[in-house]
Amino acid sequence: MSIRLVILLYIYTTLSPYMKAPTKHSQTKAMTNMESTTPILTPLVLLLLFSLAKGLHNPKCDAAYQHDHDGSTLQVFHVFSPCSPFRPSKPMSWEESVLQLQAKDQARMQYLSNLVARRSIVPIASGRQITQSPTYIVRAKFGTPAQTLLLAMDTSNDAAWVPCTACVGCSTTTPFAPPKSTTFKKVGCGASQCKQVRNPTCDGSACAFNFTYGTSSVAASLVQDTVTLATDPIPAYTFGCIQKATGSSLPPQGLLGLGRGPLSLLAQTQKLYQSTFSYCLPSFKTLNFSGSLRLGPVAQPKRIKFTPLLKNPRRSSLYYVNLVAIRVGRRIVDIPPEALAFNPNTGAGTVFDSGTVFTRLVEPAYTAVRNEFRRRVAVHKKLTVTSLGGFDTCYTVPIVAPTITFMFSGMNVTLPPDNILIHSTAGSVTCLAMAPAPDNVNSVLNVIANMQQQNHRVLFDVPNSRLGVARELCT
């Protein structure tokens with residue numbers, strides 16, 4: 001029996017289960033799911049069988065295939081070779097062959113993009129308008145069948161957590177109900193995830209842990225279940241199931257951690273999303289989910305400037321950047337270098353944070369920015385400066401505000417008035433929407449907060465250790 005006939009029989013017996021005509025549904029699925037290869041194999045198998053059978057009596061091709069038995073050397077043919085089972089059935093010109101190959105490249109590139117990472121877009125809304133929370137929220141589905149919750153989005157925390165049924169002290173009326181989920185399970189005390197939470201304890205054979213969030217103290221069990229963001233189900237996602245809470249700082253329905261730690265969304269979906277995401281935060285005043293959280297490197301903005309991400313082993317979850325100067329209008333204000341310097345030993349430096357509402361600067365930096373802001377506003381006319389709550393630079397008449405530019409290594413971010421000013425409900429008071437860091441010994445951190453990030457696309461590219469910002473209206 002010839003080698004060619006052996007190959008023919010082997011392919012037929014191996015791949016015959018797949019030799020069925022693809023349905024319209026299977027073709028659609030193959031375009032969206034890189035694992036669904038059956039519809040793609042079918043025409044190739046038929047063509048291969050036909051071509052091999054046709055080539056059984058081609059001595060030149062038989063001789064060429066025979067060389068495959070010479071040691072470890074395999075013969076390589078171009079797809080359009082006379083000995084290739086995939087050659088076109090009709091002769092074509094060079095131009096036609098190039099155009100056909102180029103057309104196939106389009107499908108190939110889409111396939112490679114799917115291999116690189118998935119893309120998922122999750123809508124974002126202002127929690128202030130929907131849940132009376134100052135943070136931004138996304139919809140997420142937990143369990144099987146899915147239970148929809150509104151989670152606060154927090155770039156400075158790792159583990160996700162949600163209030164569960166029978167939680168003592170939780171304020172939500174729609175907690176997650178583990179008994180209703182067929183895919184729910186508790187994480188054991190010996191599991192590696194139990195060592196990745198702070199202050200783990202063992203509740204029988206299940207892992208539990210305690211943590212603080214703002215002024216709240218929380219006790220939770222460490223559990224796993226399927227979590228779905230947009231259309232992507234993430235099986236066996238590890239998160240906290242809150243059993244008891246005190247204080248009023250907790251987001252009502254839970255939190256989605258977008259930090260860099262081991263139990264964050266980035267860590268648990270590294271193969272799916274390549275530790276890359278971006279968001280555009282809408283205005284506080286919007287009532288709908290007009291912002292977006294893009295997960296994965298696919299479809300991220302191309303025209304965007306970056307600044308390097310800095311690593312702080314003591315605060316590994318935070319996204320540190322190098323803020324080198326601040327400009328008010330056209331003038332770079334005089335700030336002592338140590339007020340902006342990154343210091344991993346003390347935690348000093350500048351971070352981007354989605355959970356803080358208003359930008360906080362350490363006292364020397366804030367004072368310099370505030371004084372120059374006041375000076376520029378007073379250029380137009382002499383105005384009386386008042387205060388409102390924690391804001392010390394407010395006006396009771398309309399003002400012309402200068403721009404404020406944060407100057408990072410490799411990137412400048414200039415804020416328009418909408419990102420600088422906050423107005424009272426009646427519109428009679430206008431304030432500079434920044435404040436000094438709290439007056440204590442730990443006040444070493446500058447925080448670029450969500451008020452100043454609104455209507456910008458902020459891209460976190462962890463594999464390349466960089467953060468990008470570009471203006472984008474998402475309100």
Residue pairs passing the disulfide (SG to SG under 2.5 Å) test where at least one lies in residues 210-266, sequence neighbours excluded: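 Listed once each, the pairs are C164-C241.
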Backbone N/O of [Y] and side chain of [X]: donor-acceptor pair under 3.5 Å:
| X | Y | answer |
| --- | --- | --- |
| D461 | L467 | no |
| T359 | A449 | yes |
| R376 | A401 | no |
| Q253 | T172 | no |
| S290 | P282 | no |
| N450 | S354 | yes |
| S264 | L258 | no |
| R466 | L309 | no |
| S292 | I121 | no |
| S216 | G214 | no |

Using the six-membered ring wherever Trp is involved, compare the ring planes of [X] and [Y] and label them parallel, tilted or perpendicular (cut-offs 30° and 60°).
| X | Y | result |
| --- | --- | --- |
| F406 | F408 | tilted |
| F277 | F460 | parallel |
| Y395 | F373 | tilted |
| F142 | F176 | tilted |

Verdict with supporting geometry, S278 and R294, side-chain contact (heavy atoms from CB on, under 4.5 Å): CA-CA 5 Å; S278 73; R294 292 180 186 169; 3.6 Å; yes
Verdict with reasoning, F391 to F358, per ring pair (Phe, Tyr, Trp, His ring centres under 6.0 Å): CA-CA 10 Å; F391 303 110; F358 302 106; 5.0 Å; yes
Among T182, T238, T183, the one residue meeting side chain to side chain donor-acceptor pair (under 3.5 Å) with D225: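 So the option named by the test is T183.
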Cys pair C194, C189: SG separation below 2.5 Å: no
Step-by-step side-chain contact (heavy atoms from CB on, under 4.5 Å) determination, Y279 to T155: CA-CA 11 Å; Y279 56 66; T155 56; 3.8 Å; yes
R327 vs T403, side-chain hydrogen bond (donor to acceptor under 3.5 Å, both in side chains): CA-CA, chis, key distance, verdict: CA-CA 8 Å; R327 189 172 63 213; T403 58; over 6 Å; no
side-chain hydrogen bond (donor to acceptor under 3.5 Å, both in side chains) pairs, two or more places apart, involving residues 328-349: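 The answer is R331-E372.
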Test side-chain contact (heavy atoms from CB on, under 4.5 Å) applied to L340 - qualifying residues, sequence neighbours left out: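 L340 satisfies side-chain contact (heavy atoms from CB on, under 4.5 Å) with L323, I335, A365, N446 only.
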So, applying side chain to side chain contact (heavy atoms under 4.5 Å, CB included) with [X], which one of [options] is it?
| X | options | answer |
| --- | --- | --- |
| W161 | V197, V223, L255 | L255 |
| L295 | L265, T269, D232 | L265 |
| N419 | I422, L415, L421 | L415 |

Criterion side-chain contact (heavy atoms from CB on, under 4.5 Å) on Q454 and T475, from CA distance to verdict: CA-CA 8 Å; Q454 288 177 9; T475 294; 6.0 Å; no
Is any side-chain heavy atom of [Y] closer than 4.5 Å to one of [X]?
| X | Y | result |
| --- | --- | --- |
| P398 | T430 | no |
| T393 | Y366 | yes |
| V324 | S409 | yes |
| D418 | N455 | no |

Working for side-chain hydrogen bond (donor to acceptor under 3.5 Å, both in side chains), residues T367 and E363: CA-CA 6 Å; T367 299; E363 198 280 329; 2.5 Å; yes
Proximity of Y213 and F211 rings by center, below 6.0 Å: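 No; F211 has its ring centre 6.0 Å or more from that of Y213.
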Test log, rule side-chain contact (heavy atoms from CB on, under 4.5 Å), inputs D203 and Q243: CA-CA 12 Å; D203 182 10; Q243 309 297 328; over 6 Å; no
Distance-only donor-acceptor check, side chains S317 and D158, under 3.5 Å: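 Yes - a donor-acceptor pair under 3.5 Å links their side chains.
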Donor-acceptor side-chain pairing of Q147 and S181 below 3.5 angstrom: no
